[in-house]
Protein chains: 2
Amino acid sequence: MQVMSNSSDALFRILADPTRRIILDLLAERGPLSVGQLASEFPELVASGISKHLMSLRAGGVVSATRRGRLQIYRLEPDALAAGLAPWIAKYEQYWSAALERLRDLAQEGHGKDKVTPKKNVRRKSLK
Amino acid sequence: MQVMSNSSDALFRILADPTRRIILDLLAERGPLSVGQLASEFPELVASGISKHLMSLRAGGVVSATRRGRLQIYRLEPDALAAGLAPWIAKYEQYWSAALERLRDLAQEGHGKDKVTPKKNVRRKSLK
DNA sequence: GTAATACATTACTGTATGGTAATACTTTTG
DNA sequence: CAAAAGTATTACCATACAGTAATGTATTAC
């Protein structure tokens, strides 16, 4: 039974579910998507399940939705995601740097995969 | 019901619990600690509860334990933590940089709090 | 208008899991 | 040796929550 519930706490619970993390990945990779487009990526789940996940994500502020016709277009809210997790990430900052560097080295000699490349918001500034 | 279960998946589940995150913080801040020392930080929980959390953390590889006398000394395994989460963090790399910068600016003019300062392993290299 | 499409909401279910209490195990102390 | 200290393990309970199915609500198509 949880007592404390700051904002980063809610975020960690949101990220604990793999489906929700994949939804975030999809929105980051392909830009804003409708519920149907998202749901089609999860053939093993019924649509209402996706809808519920989207509600959780919205409640956490990491996605937002706008209506267009009868479609609901969901988009990533990267600032909310970053602002919520940055304090925690910063706490272990020194530990990431080495691991991220290793990843970058691997990506350099290997192909260029496993990296989200969003539509807009491409203010590349690269950690480290 | 979860189907996929790669290593970062297990990590996100581990981090979803605030008690476990605090345990990691304590080990990072104060270095290796015994179960009793850790448990004393959670007066609201019974000792066996802490023990169970420590088992989860060990199963995830983010802490390790060595016996000294009748004490079990737990220590953080930062590499496992970093290696497991780095891929995910790297995916959203560009989003963190801005937020982390803002945090750093705040920390500079404010006091120097909310930052884990571990005993050893102080290879400061600072993201960004 | 009616039907169909696209989601949201509600009610319900099963399972995972955080918590406690009790017991067992190992090591030190007397 | 027995007792105590420090953890681990087990059994159990309660709750959270992911999932489904069914129903409700807009919006577009016919």
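Residue numbering restarts at 1 for every chain, and letters A, B, ... go by the order of the sequence lines. The structure displayed is predicted, hence computed values, not measured ones.
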Discussion item. Any salt bridge linking B/D9 with B/R13? Criterion: basic side-chain nitrogen under 4.0 Å from a carboxylate oxygen.
Written reply: yes
Practice prompt. Nearest whole angstrom, please: distance from the C1' of C/dA4 to the CG of A/L71.
Written response: 14 Å
Worksheet item: What are the residues of residues 43-51 of chain A, sorted by number, that bring a heavy atom to within less than 4.0 Å of DNA chain C?
Response: A/S48, A/S51
Worksheet item: For the side chain to side chain contact (heavy atoms under 4.5 Å, CB included) test, which of B/I14, B/L57, B/V63, B/V62 pairs with B/L81?
Response: B/V62
Discussion item. If you compare every side-chain N and O of A/Y74 against the phosphate oxygens of C/dA8 (OP1, OP2), does one of them come in below 4.0 Å?
Written reply: yes
Fill in: 5′-ward residue of the pair B/K52/A/R20 relative to DNA chain D
B/K52
Worksheet item: Under the 3.5 angstrom rule, does the side chain of A/R20 hit a backbone N or O of A/H53 as a donor-acceptor pair?
Response: no
Practice prompt. Mark yes when over 12 heavy atoms from residues, nucleotides or ligands other than A/R67 sit less than 6.0 Å from its CZ; otherwise mark no.
Written response: yes
Discussion item. Check this for me, if you would: do A/E29 and B/K91 make a salt bridge, where the nitrogen-to-carboxylate-oxygen distance has to be below 4.0 angstrom?
Written reply: no
Practice prompt. Whole angstrom is fine here: how far is it from CD in A/Q72 over to P in D/dG24?
Written response: 20 Å
Fill in: Whole-Å distance separating the CZ atom of A/R21 from the C1' atom of D/dA18
14 Å
Practice prompt. Check every strand shown and say whether B/F42 touches a base, only sugar-phosphate, or nothing at a heavy-atom separation below 4.0 Å.
Written response: nothing
Discussion item. In this structure, how many angstroms lie between the P atom of D/dT15 and the CG atom of B/D17, rounded?
Written reply: 17 Å
Worksheet item: Contacts to DNA chain C from residues 56-70 of chain B, heavy-atom cutoff under 4.0 Å, which residues?
Response: B/R67, B/G69, B/R70
Worksheet item: Over how many whole Å does the gap from A/I23 atom CD1 to D/dG19 atom P extend?
Response: 10 Å
Discussion item. Below the 4.0 Å mark, does D/dT7 have OP1 or OP2 next to a side-chain nitrogen or oxygen of B/S34?
Written reply: yes
Item to complete: Nearest whole angstrom, please: distance from the C1' of C/dG18 to the CG of B/L54.
Response: 14 Å
Worksheet item: How long is the line joining CD1 of A/I73 and P of C/dA6, in whole Å?
Response: 12 Å
Worksheet item: Is there a side-chain polar atom (N or O) of B/H53 under 4.0 Å from OP1 or OP2 of C/dG19?
Response: yes
Discussion item. My understanding is that a pair needs two contacts under 3.5 Å, Watson-Crick or G-U wobble. By that rule, which nucleotide pairs with D/dC30?
Written reply: C/dG1
Discussion item. Any side-chain to backbone donor/acceptor pair from B/Q37 onto B/S34? Under 3.5 Å, distance only.
Written reply: yes
